[in-house]
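Here is the structure we will look at.
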Amino acid sequence: ETGVTQTPRHLVMGMTNKKSLKCEQHLGHNAMYWYKQSAKKPLELMFVYNFKEQTENNSVPSRFSPECPNSSHLFLHLHTLQPEDSALYLCASSQGRGPQGEQFFGPGTRLTVL
Amino acid sequence: GQSLEQPSEVTAVEGAIVQINCTYQTSGFYGLSWYQQHDGGAPTFLSYNGLDGLEETGRFSSFLSRSDSYGYLLLQELQMKDSASYFCAVRGNAGNMLTFGGGTRLMVKP
């Protein structure tokens, strides 16, 4: 257990559905992240939140919409996704700009878009 | 742009030593991290090098040469449980963004 939880662990959705991924960290960190991990590709940073403010959007399509209501919770709202969006979505947290920048990852949500 | 290169696969036997290399080309550099990810699991932090030289943590060591834009992860006394993917990641500035390499899949055989 890393102190970062994600729900659901698995999600299958159609292209017209709307769903949300949830992430919660119990580590007292002030930075949270969404990553996409596809087969045979590097981990891709999607969004960064520092103290609830979005500080990075890595050219992510608007069909992905993040929300960070407080420093412990992070959501990723999904709508009208494409089959190529099928991937493992990982949430992570860190103690902001700490000396090592160590990030703690959740177990991920395995998303399949039909 | 940012790019990190590491071998896609490495195979070694139990008890051996293996070195996983990582070369990077980034617009900024603040430090190099290594993460381990078992199949079906989350990436977990292994080590960080902010300065040149070797950092040792038990059976794992990590090395950095900033002048060569190169680092490596050294795993000693390999165990079957070390079979996993290993990712290098560059921290480009004092902020908290990481750029990851494609990962090296390590297979440890008896």
Side-chain angles (χ1 to χ4, degrees), chain A residues 1-7 9-10 23-25 27 29-51 53-60 71 74 87-110, chain B residues 1-9 20 22-51 53 55-57 60 62 64 71 84-105:
Chain A
E1 291 295 328
T2 63
V4 181
T5 58
Q6 290 186 243
T7 55
R9 295 293 309 277
H10 300 272
C23 175
E24 183 174 359
Q25 58 98 357
L27 301 168
H29 289 162
N30 50 37
M32 297 188 76
Y33 315 77
W34 280 116
Y35 286 89
K36 176 183 179 182
Q37 187 173 34
S38 305
K40 300 186 179 181
K41 291 180 72 175
L43 270 153
E44 300 171 61
L45 179 66
M46 300 174 73
F47 302 103
V48 181
Y49 278 81
N50 282 284
F51 295 99
E53 298 297 321
Q54 183 177 314
T55 54
E56 293 293 336
N57 176 337
N58 204 18
S59 302
V60 180
S71 292
L74 186 64
L88 181 68
Y89 288 85
L90 290 160
C91 172
S93 71
S94 72
Q95 190 51 47
R97 293 169 170 82
Q100 296 190 31
E102 177 182 351
Q103 295 185 11
F104 293 78
F105 285 82
T109 296
R110 174 69 62 185
Chain B
Q2 319 269 76
S3 72
L4 289 84
E5 295 291 329
Q6 49 181 131
S8 58
E9 280 189 9
I20 300 173
C22 175
T23 57
Y24 56 87
Q25 287 185 316
T26 57
S27 54
F29 182 83
Y30 200 77
L32 183 71
S33 300
W34 288 92
Y35 285 77
Q36 178 193 59
Q37 185 179 26
H38 286 98
D39 285 348
T44 56
F45 175 82
L46 288 178
S47 68
Y48 175 80
N49 294 75
L51 301 174
E55 294 284 341
E56 297 180 71
T57 309
F60 294 2
S62 58
L64 174 66
S85 291
Y86 293 84
F87 297 87
C88 58
V90 163
R91 188 176 175 193
N93 51 42
N96 49 8
M97 285 183 59
L98 294 178
T99 301
F100 282 82
T104 298
R105 187 172 183 84

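Each chain gets a letter, A, B and so on, in the order its sequence line appears, and its residues count up from 1.
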Report summary line: One should read off an interatomic distance between B:Gln37 CD and A:Leu88 CG, to the nearest 0.5 angstrom, of 7.0 Å

Requested in this report: Measure the CG-CG distance between A:Leu45 and B:Leu98 for me, rounded to the nearest 0.5 Å.
Outcome: 8.0 Å

Requested in this report: Return the minimal non-hydrogen interatomic distance between A:Pro42 and B:Gly101, and the atom names on each side.
Outcome: CB-O, 3.6 Å

Report summary line: Ranking B:Pro43, B:Gly102, B:Ala42 by heavy-atom pairs under 4.5 Å to chain A gives rank one to B:Pro43

Report task. With rounding to the nearest 0.5 Å, note down the distance linking CD in A:Gln103 to OH in B:Tyr35. Result -> 5.0 Å

**Report entry** Test side-chain hydrogen bond (donor to acceptor under 3.5 Å, both in side chains) applied to B:Thr104 - qualifying residues, sequence neighbours left out
**Finding:** B:Gln6

Query raised in the report: How many angstroms lie between CD in A:Glu102 and OG in B:Ser47, if you round to the nearest 0.5 Å?
Result: 10.0 Å

**Report entry** B:Phe100 side chain near A:Tyr35 side chain, heavy-atom distance below 4.5 Å
**Finding:** yes

